[in-house]
Amino acid sequence: MALFEESIERQANWVVKENEELRKLGIKTKDFVKKFFMAAKISYTFFLIQFETAKLMANDDARAQRDEYFGLLNQNLMSKFRSNMQKIKKMVEAGDHEFSKTSSMIITQ
């Protein structure tokens, strides 16, 4: 399981475990994960964008290029970054069923 999905599942598991009302309703962790994830989709989209930007900025090649070219990056790095931003955009446009799978793919690249 991808790190991102596992993190969300663990968060949801603790919420269900600690919340007596949810347990009384008979909510299962897997169901709760899906509902929690979809309800927080915008927040996680922002997280993915921030994560992707951090990956770009922490990249050793990017750091060297920024120093050498006054803060600019070469076309290859920018193309990869733009491609991942497009994947995030398509993921959000695709709807709920694609969000978890695509976000995990982006984070693990």
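What you see below is based on every heavy atom in this structure, not just the backbone, and it leaves out hydrogens, waters and symmetry mates.
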Undergrad: Within the distance-only criterion (no hydrogens, no angle test), does the side chain of S83 pair as donor or acceptor with the backbone N or O of S79 below 3.5 angstrom?
TA: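 Side chain of S83 to backbone of S79: no pair is present.
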
Undergrad: Nearest 0.5 Å, please: how far is CG in N84 from CD1 in I49?
TA: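 So the gap between those two atoms works out to 11.5 Å.
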
Undergrad: So, using side chain to side chain contact (heavy atoms under 4.5 Å, CB included) as the criterion, who are the partners of Q86 when residues are at least two apart?
TA: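 Scan of Q86 (side chain to side chain contact (heavy atoms under 4.5 Å, CB included), adjacent residues dropped) gives K89.
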
Undergrad: What residues form a side chain to side chain contact (heavy atoms under 4.5 Å, CB included) with M78, not counting sequence neighbours?
TA: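 Once residues adjacent in sequence are excluded, the partners of M78 under the side chain to side chain contact (heavy atoms under 4.5 Å, CB included) criterion are L73, F81, R82.
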
Undergrad: Within this structure, what is the CZ-CD1 distance for the pair F46 and I88, rounded to the nearest 0.5 Å?
TA: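 These two atoms lie 11.5 Å from each other.
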
Undergrad: For E52, run the side-chain contact (heavy atoms from CB on, under 4.5 Å) check against K80, K87, M85 and tell me which one passes.
TA: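 Output: one option passes, namely M85.
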
Undergrad: What distance do E20 atom CD and L25 atom CG have between them, rounded to the nearest 0.5 Å?
TA: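 These two atoms lie 11.0 Å from each other.
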
Undergrad: Could you tell me which residues satisfy salt bridge (charged side-chain N to carboxylate O under 4.0 Å, His left out) with E21, sequence neighbours excluded, listed by chain and number?
TA: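 Once residues adjacent in sequence are excluded, E21 has no partner under the salt bridge (charged side-chain N to carboxylate O under 4.0 Å, His left out) criterion.
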
